[in-house]
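Encoded as structure tokens, the structure appears first; notes follow it.
Protein chains get the first letters and strands the later ones, always in sequence-line order, with residue 1 at the start of each. Heavy-atom basis, side chains included; hydrogens, waters and symmetry copies ignored. All values derive from a computational prediction rather than experimental measurement.
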Amino acid sequence: MDRVDFLFSPYGSELTAAVASVIEELGVPTAASIVATLAPWKGKNAKWMTQFSSTAPLYLMGSVDLAIERAEAKNIAILYEDTPFPIGVADGLRARAKERGLKIAMDEKYDKALTDWSPLVSKARSLGAEFLAGGGYYPAAVGITRAAAGIGYRLKLLALVVGAADPKFVKDLGILAEGVAGSDIWLPSVKTRGFVVEGATIANEDFVRSYKEEFKRDPEYWSAAGYGAGQLLAQAVNDSLKRARKVDRNLTRDFLFNFSGETIYGDYGVVKLGQPDAGMQVRKQHFVIQWQKGKKEVVWPRELASAEPWIGWPR
Amino acid sequence: MREDSPSSADRAAEARPEIVWERVDRRVRRALVWSLPLILLFALAILPYMASAYTVTLTFLVFFWVATAQSWNLFSGYTGYVNFGYVGLIGVGAYTTAILIGKFGAHWLLAVGAAGAVTAAFGFLIGIPFLRAHGIYFAIAMLGLAEGLRVLFSMDLMAPLTGGGAGIGFISGMSLAAKYYAMGLVALLSTAVVFLVANSRFGLQLLTIREDELAAQVMGINTTSKKLMAFTLCAFLTGLAGGLYAAYVNYLVPATMFVTAYYTLIPIVMATFGGLGTTMGPVVGAVLFTIISEAIWARFVFLHLVIFGAVLIIIILFMPQGIIPWLQDRRILPRTRWL
Amino acid sequence: MADLLTFIEFSLRGLMVGAVYALMAMGLSLIFGVMRVVNVAHGEFLMLGGYVSFFAWSSVQLNPIASLFVAMPLLFFLGMTIQRLFIERVVGKPELSSLMLCFGLSIILLQGAQLLFTPDPRGFTWLLYPVRLLGWNFPMYMLMIFATSMAIAFALFLFLKATRWGKAIRAVSQNYEVAQACGIDARKVRMLSFGCGAAMAGAAGAFVPVQFSLSPGVGHEFILKSFAVVVVGGLGSLWGAFLAGLLLGIVESLITFYFSSHLAQLTFYATIIAVLLVRPGGLFGSAEA
Amino acid sequence: MEDGAILTLERVRKDFGGLRAVDDCSLVVETGKIVGLIGPNGAGKTTLFQLISGVLRRDSGHIYFHGDDISRLRPHEIARRGIGRTFQITRIFPKMTVWENMIVASHSAGAEERARALLELADLLPLKDHYAAELSFGQQKLLDLMRVMMLNPELILLDEPAAGINPTMQNKILDLIHQLNKEGRTFLIIEHDMDIIMGHCEKVIALNFGRVIAEGRPDEVRENEEVLTAYFGK
């Protein structure tokens, strides 16, 4: 790691948390591309690593607004895996529900070794929950959806991280996936501009086009995040070259902490250096997606929506 | 029914070939025995000033694996009781450090020392009931314990201390060099403890448990208390290593701290490869394995653990005693408990 | 009254999940009974059964019950091969050898599956609609899985009771020396029973992608639960494993519903520990049986 | 309790499931004697040894050693009080050297001299650095016997000490037993070979179905009606 000038893209919360200390110790400017947990930054006085992706609490916040404004749900059941990322997601749900006055009918975490979700889903039903939200990783999204279908649970809205945004979700569950909401941070269709490099803007559509030419398929969000983080770092290096005519770690780092703007991935902006939560993402937004006729549609926020939200699950 | 020939004793004595090591001139041997460890220690002592941060970090990890392989060996290698819940002890040590530094702002020296003490106390208390279970039952119970700890550490009950499933992060305040030297000392301490145990009556008594626990009992050996002592000692050393490891990780989550297939597997493979119930075996195993897996890791990330599994099988089937006893059986090394 | 109904509902639900635990644990117990080997790699047999079933479904739409006819023979032969090549060499050796050997096998199968099948979680949907039974909604697939599991379990009992090879297996597990003196080829019996044990795990696994979610690491959670089951049932006792599997399924479901899933998981591990401390030979059987 | 008794069993009982292995067995072993314990297979001889040495717990009754009740003690405590035993199948520590096998069984000072003397006596001293597993079967039996002596026991329980070895080795072991007996040690020996019993024991106890059916001088016991029935049927 000694010959590394900067890093990007460690994947996953725990891995990032583990390398964070090394990064801080060695002083390597880093944009952590897909880390939704706050732990590596919250109160850590980070000096070298910034959070490129959005934070876990932002994932499903929009679905609470959707549930209140469109689905007219009276209460919410929050059900989530007891590991850092899902806990963060649930924190966001809880906070937004309280803020908007949505009654919390159930708020329960489950162990990661859980294999059968039906007791918990049944419990949500027996408590009269109309909006079920939360989850964890892919197995949970499938498991919760299946358990709910298995007991004949009717919901106004079902919103799950992160598995519900996975294209496999609709393949594995078919008709049951219809109407399930999820959260997505990026889609090929998003109209972001990215950076101006050498006089030309490399916008999201350009990235998607070249990716398709190269790999013959649509990019996934992690590719976009990686590309976006790359754009950011490239800009940081350019900035350093412009100012000092060399790649300087401190200058690169300063750029990462001070820049506020857009990459193809979307908005970027972090807590400034010197503050307790330095490096933590504050600008990146998430939107609510929903499976409609086998396609992933953006349904919230309204101004970005590609389709009208469907209310009621199962269809 | 086997028959004896009266002279078999004499024959066996005559047929003993010379030990390769003992063919070397006595003065040369003595010089080697004294100088090699000193040279090695000296090289390791100056390493942080000479080598890159990568090398220092890698050596730190070798120290961690030496310490854990050695501690696993101290209990399981000598008594034959397979500790499949070893990761639980590492976890208790790591969490003790994390909690003391993260929640109470303790100095790392105090926190790591406490990790040793707390884990030892934990090992002692757990040992009293667990060591009643024999053989496979002990192995299963320990596996259950480690998984139970994972769940327990994520429960709300413990959350004020452990941070629950969200985990606990902290800043250890240790420089890389400090971590390196501290872990080096723990590795050295573990090896020294095993060395002392191996050459003591206590070590022999532990071996009788592995060889034949019932026979040991009717020979007047209180196997229960010997096992408990060894287990507590193992827990103490593991606690220190786990505590320092926490300072390296800086962030503990039950779901990633209690991974049996990693933190239990690797010390077992290393200790078994080098030779269970020997003093130097775990050191040899840990060093060889880290070098090999680092060489392989770079190329085949996914094959990493497959190779660990394969090696474990190969050792058990073809070289169940491990390297050091294998060399001893071939009369290359002397048969002493020092090795 | 409503409370009682809920209690019964979740007991039934747990019973159905428990059927899968029972299948797996019976295999584990059978292997232990015959060769005194705790097959730590049993969870990986379950995982492999799961992939057979998953690929059978995704390639030719074979339903999980039909794919049992592929998964079970496949696992049976795999088990026999593994027994012949590896396990046979450590039978009768100190348990350290067999435990570590199986641990090594488990890691290889797990990591091998990661390489071959990728760590992606898999699953498919089959008969996922609620059926009204005794006034409650149960998913259809659950009823089918339960019925099939029961049939397989009883088939195994019947096999052991009524066939020549079944009797040989029982004889070897009861008294190895006497069985050999009676002209039973203990080596073949060991191969056969390891194969049967693996096939049982494979059968349980075939339901995993429908009922739960399948990934290379799925075996770990199941093996730990199976240990709890066989310890409660008495290692080596098939009836014990069968009943304890159902029982623990019920307990898990009830505790998850009334308390929390953490407590339910903890119950499994605490059960292992508690039973071993009170009766090192398990609840129903004895270590010798 | 009789005078001169080193070991006394009072109505000792042990059940295995439905099987009564030892049935209200009472017997006395006098200090300084070599006592033979005979009986057909399954008579409960080995179980009795397991109970005396504490490997198994009796269900009821008492076992006295020098007048102290030892029936609740654990095996290592009993061993330290001075009861040594061997097993029917020799249980040496195979991957430990002969020397280590000896040393580890001693719990008092002077272990090394003692081990040296005993190994000398059994002609095992040249082999002291060999692993016990490398010894011949007969040598392992000798080692087993010598190792028991490291405990400095007053009473020694031997389970078929002469079984399965050649006559030369057998004589060696029997000579050793007599030599140790002269030092004042008491022996209780399970043996099937009637010639050995007749030739070497001062007293014989016959068991059947977990009960004492006869005891006395060897020639008396051999003629005993019940003993003959037990062995040969009617």
Closest heavy-atom contact between Leu207(B) and Met96(D)?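 Closest approach of Leu207(B) to Met96(D): CB-SD, 3.8 Å.
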
Please find the pair of heavy atoms, one from Ala215(B) and one from Arg91(D), that lie closest to each other, and give the distance.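 Where Ala215(B) meets Arg91(D) most closely, the heavy atoms are CB-O, 3.6 Å.
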
Between chain D and each of Asn222(B), Thr223(B), Val218(B), count heavy-atom pairs under 4.5 Å; write down the option with the most.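 Option with the greatest count: Asn222(B).
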
Looking at chain D, which one of Ala216(B), Gly277(B), Gly220(B), Pro325(B) has the largest number of heavy-atom pairs inside 4.5 Å, strictly under? Gly220(B)

Verdict with reasoning, Ile221(B) to His76(D), per side chain to side chain contact (heavy atoms under 4.5 Å, CB included): CA-CA 5 Å; Ile221(B) 297 166; His76(D) 69 93; 5.5 Å; no

Please determine, among His107(D), Lys172(D), Arg85(D), the option with the most heavy-atom pairs under 4.5 Å with chain B.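 With the most close heavy-atom pairs to chain B, the winner is His107(D).
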
Can you list the steps and then say if Ile103(D) with Arg201(B) is a side chain to side chain contact (heavy atoms under 4.5 Å, CB included)? CA-CA 8 Å; Ile103(D) 291 294; Arg201(B) 256 184 78 73; 4.3 Å; yes

[atom2] on [Y] to [atom1] on [X], rounded to 0.5 Å:
X: Gln321(B); Y: Lys95(D); atom1: CD; atom2: NZ; value: 6.0 Å
X: Thr224(B); Y: Arg74(D); atom1: OG1; atom2: CZ; value: 4.0 Å
X: Glu100(D); Y: Gln205(B); atom1: CD; atom2: CD; value: 12.0 Å

More than 12 non-hydrogen atoms from neighbouring residues, nucleotides or ligands closer than 6.0 Å to [atom1] on [X], yes or no?
X: Arg29(B); atom1: CZ; value: yes
X: Arg72(D); atom1: CZ; value: no
X: Phe124(B); atom1: CZ; value: no
X: Ile89(D); atom1: CD1; value: no

Got Phe87(D) and Asp212(B) here, is their nearest side-chain heavy-atom distance under 4.5 Å?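 Heavy-atom side-chain distance check fails, nothing below 4.5 Å.
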
Indicate yes or no: at least one non-hydrogen side-chain atom of Phe93(D) is less than 4.5 angstrom from one of Leu204(B).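 No. Closest side-chain heavy atoms not under 4.5 Å.
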
Heavy-atom proximity to chain B below 4.5 Å, by part of Leu151(D):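 It is the side chain, since no backbone atom gets that close.
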
If the test is side-chain contact (heavy atoms from CB on, under 4.5 Å), which one of Asn101(D), Val148(D), Val104(D) qualifies with Met219(B)? Val148(D)

